[in-house]
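Values in this document were obtained by computation on a predicted structure and should not be read as measured data.
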Amino acid sequence: MPKTYPRPDLVIFDCDGVLVDSERVFNAVLAEDLTSRGLAMTTEVSLPTFAGLAMPEVAKKATEMGATLPETWIAEVYETAYATLRQGVPLIPGVMTVLHRLDAAGIPTCVVSNGSEEKMRITLGPHGLWDRFHPNALFSAHTMKVAKPDPGIFLAAAAHFDVEARQCVVIEDSATGARGAYRAGMQCFGYAAHDAGDLLVAEGAEVFHDMTDLPLRLGLD
């Protein structure tokens with residue numbers, strides 16, 4: 001018999017790579033910048049190295065790897081990245097259908113991201129998702145001063161909706177986010193669009209590869 005899943009009381013979405021297909025665009029900017037600062041980097045290497053990390057952690061890791069970064073580096077990278085992202089990034093295929101299904105079922109949703117609110121406004125805004133989630137259902141590590149994999153940002157979202165952690169489901173595409181969900185005591189479904197998702201599995205996530213498969217895991221089918 002097919003596996004059955006209970007309906008959660010809250011579904012928590014990551015932003016980049018889960019709602020909008022922005023990870024590759026941002027990491028292309030990041031790779032080019034780091035290469036200019038002494039750390040030879042490609043987009044293909046940047047993605048698994050930095051995906052899901054808050055920018056202070058990206059800066060720390062890049063420095064440890066050999067980059068020479070100024071104190072203003074994060075602001076400089078964001079300025080370049082924002083200009084690129086403003087050209088537009090697509091939604092992850094099928095994610096709007098998932099959101100509509102959750103709305104119809106009366107299950108609340110929110111966004112928990114290590115990205116800045118400004119970055120999310122740029123990427124989510126053209127698709128109507130910024131207005132959907134901001135300000136009461138959007139939790140940014142930059143604003144809250146706590147970042148994945150610290151479970152605190154997930155637990156803050158659950159507390160805001162007055163939902164217990166074990167009744168939440170997290171949708172992530174990075175090992176960092178999956179680790180944070182696990183530490184928060186939340187079920188995590190890992191979206192792996194381009195690989196087998198081994199890094200997600202290692203952090204306790206149940207992997208899926210197509211958003212059309214998500215409603216079943218959310219108890220909607």
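- When all heavy atoms of L39 and A62 are compared, the pair lying nearest together is CD2-O, 3.9 Å.
- In this structure, the side chain of N114 engages the main chain of K148 through a donor-acceptor pair within 3.5 Å.
- Checking S22 against D16 by side-chain atom types alone, a donor-acceptor pair falls below 3.5 Å.
- Here ring-ring contact (aromatic ring centres under 6.0 Å, His included) pairs that include residues 144-171, with residues two or more places apart or in two chains, are F139-H160.
- Other cluster members for L200: V201, V207, joined by side-chain heavy-atom distances under 4.5 Å among Ile, Leu, Val, Met, Phe, Trp and Tyr.
- Look at E23 and K119 and you find no salt bridge, because none of the NZ, NE, NH1 or NH2 atoms lies under 4.0 Å from a carboxylate O.
- A distance-only check finds no donor-acceptor pair linking the side chain of T72 to the backbone of A75 [under 3.5 Å].
- Going from atom NZ of K61 over to atom CD of E64 covers 8.5 Å, rounded to the nearest 0.5 Å.
- Between A157 and I12, the closest heavy-atom pair is CB-CD1, 4.3 Å.
- For the pair D33 (side chain) and V29 (backbone), a donor-acceptor distance under 3.5 Å is absent.
- Shown here is L199, whose CG atom has no more than 12 heavy atoms of other residues, nucleotides or ligands within 6.0 Å.
- Nearest heavy-atom pair, G106 versus P108, reported as atom, atom and distance to 0.1 Å: O-CD, 3.6 Å.
- The neighbour count for E117 CD, taken as heavy atoms of other residues, nucleotides or ligands under 6.0 Å away, is above 12.
- Sorted by first and then second residue, the pairs that involve residues 193-221 and meet ring-ring contact (aromatic ring centres under 6.0 Å, His included), not counting sequence neighbours, are Y191-F208.
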